[in-house]
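No hydrogens, no waters, no symmetry mates; every other heavy atom, side chains included, goes into these values. This one's a predicted model, so the numbers in the text were calculated from it and none came from an experiment.
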Amino acid sequence: MNPEKDFAPLTPNIVRALNDKLYEKRKVAALEIEKLVREFVAQNNTVQIKHVIQTLSQEFALSQHPHSRKGGLIGLAACSIALGKDSGLYLKELIEPVLTCFNDADSRLRYYACEALYNIVKVARGAVLPHFNVLFDGLRGPAGCSGLHQGPGCGFAENTWCCIRP
């Protein structure tokens with residue numbers, strides 16, 4: 001992650017805390033994101049809301065760095081909490097990076113992904129029903145797959161829910 005990159009509207013302090021190895025600092029950043037998104041909701045500023053979600057997804061949750069991915073996950077959950085009933089309008093953008101993290105090799109990161117998904121679904125409630133199939137596939141994981149991909153002959157590589165989704 002490029003420290004010189006502009007992550008506005010996320011402040012440099014939020015960015016630094018999201019990348020921190022300590023959960024407590026990432027949690028503080030999530031609370032700041034929640035406040036920021038609540039302000040955007042009050043202003044009906046959908047452009048900034050989408051930008052925050054996109055930044056958390058692309059630059060954090062899908063990062064190569066595990067602490068950044070954890071920060072992105074908690075940040076996405078904070079966005080959902082701040083959006084409240086409006087979270088249904090952004091569910092696809094909130095859920096996709098979380099489900100991608102379900103396939104991570106790090107069990108702790110998969111745990112954080114489960115926790116983030118729980119918080120997103122808890123707020124969105126019935127709005128998640130159109131996404132049920134994708135959520136269910138992500139939660140159950142590949143049936144019969146050991147998580148150790150055996151190559152093209154294992155029969156799971158062609159499935160969208162394979163443990164090594166391309």
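Aromatic ring orientation, F60 versus F7: tilted (interplanar angle from 30° to 60°).
The two residues S63 and H65 come nearest to each other via the heavy atoms OG-N, 3.0 Å. Closest approach of L73 and C101 over heavy atoms only: CD2-SG, 4.0 Å.
Side-chain heavy atoms closer than 4.5 Å link hydrophobic residues (I, L, V, M, F, W, Y) into clusters, and following such links, possibly through other members, connects L76 to L99. Tracing side-chain contacts under 4.5 Å through hydrophobic residues (I, L, V, M, F, W, Y), one never reaches Y118 starting from L83; they form parts of separate clusters.
Scanning for salt bridge (charged side-chain N to carboxylate O under 4.0 Å, His left out) contacts around K122 gives an empty result, with sequence neighbours left out. Every residue two or more places apart in sequence or in another chain that forms a salt bridge (charged side-chain N to carboxylate O under 4.0 Å, His left out) with D104 is listed here: R69. Applying the salt bridge (charged side-chain N to carboxylate O under 4.0 Å, His left out) test to R38 and every residue at least two apart in sequence or in another chain returns E34. Scored by the side-chain contact (heavy atoms from CB on, under 4.5 Å) test, V128 finds L91, V121, A124, L135 as partners (sequence neighbours excluded). L62 meets the side-chain contact (heavy atoms from CB on, under 4.5 Å) test with Q58, P97, T100; sequence neighbours excluded. The side-chain contact (heavy atoms from CB on, under 4.5 Å) test applied to A30 returns I74, A78, not counting sequence neighbours. Under the rule for a salt bridge (charged side-chain N to carboxylate O under 4.0 Å, His left out), the partners of E96 that lie at least two apart in sequence or sit in another chain are K92.
Counting only heavy atoms from C-beta outward, the side chains of T11 and L36 never approach each other to under 4.5 Å. Side-chain contact between L94 and C79: present, with at least one pair of heavy atoms (C-beta onward) separated by less than 4.5 Å. Annotation: side chain of Y112 is in contact with side chain of R26 (closest heavy-atom distance under 4.5 Å).
Within the structure, salt bridge (charged side-chain N to carboxylate O under 4.0 Å, His left out) pairs that include any residue of residues 7-23 comprise D20-K25 (at least two apart or interchain). For residues 70-83, the set of pairs meeting the salt bridge (charged side-chain N to carboxylate O under 4.0 Å, His left out) definition, not counting sequence neighbours, is empty. Residue pairs meeting the salt bridge (charged side-chain N to carboxylate O under 4.0 Å, His left out) criterion with at least one partner in residues 76-87, sequence neighbours excluded, are absent.
The CD1 atom of I95 sits 14.5 Å away from atom OH of Y90, with the distance rounded to the nearest 0.5 Å. Rounding to the nearest 0.5 angstrom, the gap separating the SG atom in C114 from the CG atom in L109 is 10.0 Å. Here the CG-OG distance, from N119 to S80, works out to 8.0 Å after rounding to the nearest 0.5 Å. From L56, atom CG reaches atom CG of L18 across 6.5 Å, with rounding to the nearest 0.5 Å.
The hydrophobic cluster around I81 extends to V123, counting ILVMFWY residues whose side-chain heavy atoms fall within less than 4.5 Å of a member.
Taking the charged nitrogens against the carboxylate oxygens, E24 and K27 have no contact shorter than 4.0 Å, which rules out a salt bridge.
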Donor-acceptor contacts under 3.5 Å from residues 39-54 side chains, at least two apart:
residue : atom : partner : partner atom : Å
N45     : OD1  : Q48     : N            : 3.2
H51     : NE2  : A8      : O            : 2.8

